[in-house]
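The structure appears below as structure tokens.
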Amino acid sequence: MSYRVVFEPERGQRVPVRVWARAPAVETLRQLQHIASQPYVVEHVAAMADAHVSEGVAVGTVFATERTVVPAALGGDLGCGMTAMALPARAEVDRRTLERVVAELGRAIPTGHATHRGAGVSVPSELLASGLSTRALEHTREALARRHLGTLGGGNHFLELDRDAEGGLWLLVHSGSRGLGAAVAAHHARAAGTSTALGGLDTETPAGRAYYDDLLWALDFARANREALAKRAIEVVGAALDLASAPTDVLDVHHNFVAKEQWMGRELFVHRKGAVAVPMGARALIPGSMGTASYVVVGLGNAAAWGSCSHGAGRVLTRREARTRISPDALARAMRRVVFPSGHAPDFVEEAPAAYRDIGEVLEDQEDLVRRSVRLEPIAVLKG
DNA sequence: ATGTCC
């Protein structure tokens, strides 16, 4: 399937919305039309196959501007994204060993609200070298970076072991910039107006430059966070499975970010809220829900979508709906082939497979954006 | 997503 166009100038829409999702909710379309009505948006808005309602701007929205950045468009978790690593080991691991590994991962890696205690970890000097735009943010960095680097966070963040079609073992990490991205986002959302007003900042002004520079730092921190999480996880997995060497393949993608890109001979600021940049030939990781398959995909660089693809399967139930509608039995059945820390089953309800669309269908909706490369089947999950 | 309003 390709996209369909939604364009109603009589509703104030300035540019068309191209929709890859086959059945977006009415409220999702309203949010897409709202961002497509803003004065700074150029050419068209693209809605990815997993588009769904969020605060302000729908998750799965991609839009481009000239000389404008929009702090409120991204939400708090700047640089949220995925790391995937192929490990030099077989995925045929007995259940008892997997249970031991996830229990140890749960002890080794702070999850949910947890952070490193006391002085925390040492932070790579390159993450402390550049200034942030205000002293307050620099103080926040000094206080939080060493406590948040290498922590998973909550919600839909997870760490997972997977098996590919050849029986190879993979590690997946879904996490972001933790409290630091949230602090950067909150500061600049205030500077640009209220968090829901979708105010834009001119990139040629101090405020616009400050946001973009702080954003780039938050993206670096998010990537370093996933790297630290993966490193710790590999230490734990390696101790149990005797990993002989380093990962044989590594990929990392942001799915909540702004990037300066060249399109049609112009320099544009492409905003991706829950979407991945996939230039022609570039790989990305599209996770299903926890407990269902994920895919390594290869980008087709389709300009119609600003060279983007979906960041996941997309919610069909809100967190609240998932809690009321998905029974513990149904969840246990859906997760029966996946090992997770004992006693944590209730935590999974909000992220259960039934709360998300089928990933195969979501990939069908974007066959003009990415092709499938590697199917990854989960064998063990640590939930954030 | 987020020490979820210093």
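Every chain is numbered from 1, with letters handed out A, B, ... down the list of sequences.
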Discussion item. Does anything in residues 229-239 of chain A form a salt bridge (charged side-chain N to carboxylate O under 4.0 Å, His left out)? List the pairs, not counting sequence neighbours.
Written reply: A/Lys231-A/Glu235, A/Arg232-A/Glu235
Worksheet entry | Residue pairs passing the salt bridge (charged side-chain N to carboxylate O under 4.0 Å, His left out) test where at least one lies in residues 111-136 of chain A, sequence neighbours excluded | A/Arg135-A/Glu138
Worksheet item: Of all residues at least two apart in sequence or in a different chain, which pass the salt bridge (Lys or Arg N to Asp or Glu O under 4.0 Å) check with A/Asp249?
Response: A/Arg283
Item to complete: Not counting sequence neighbours, which residues clear salt bridge (Lys or Arg N to Asp or Glu O under 4.0 Å) with A/Arg323? List them please.
Response: A/Glu350
Worksheet, complete the sentence: Applied to residues 80-98 of chain A, the salt bridge (charged side-chain N to carboxylate O under 4.0 Å, His left out) test, sequence neighbours excluded, yields A/Arg90-A/Glu92, A/Arg95-A/Glu99
What does the list of N/O pairs under 3.5 Å between the protein and nucleotides 2-6 of chain B look like, with a distance for each?
from, atom 1, to, atom 2, distance (Å)
B/dT2, OP1, A/Arg178, NH1, 2.5
B/dT2, OP2, A/Gly154, N, 2.8
B/dG3, OP2, A/Arg178, NH1, 3.4

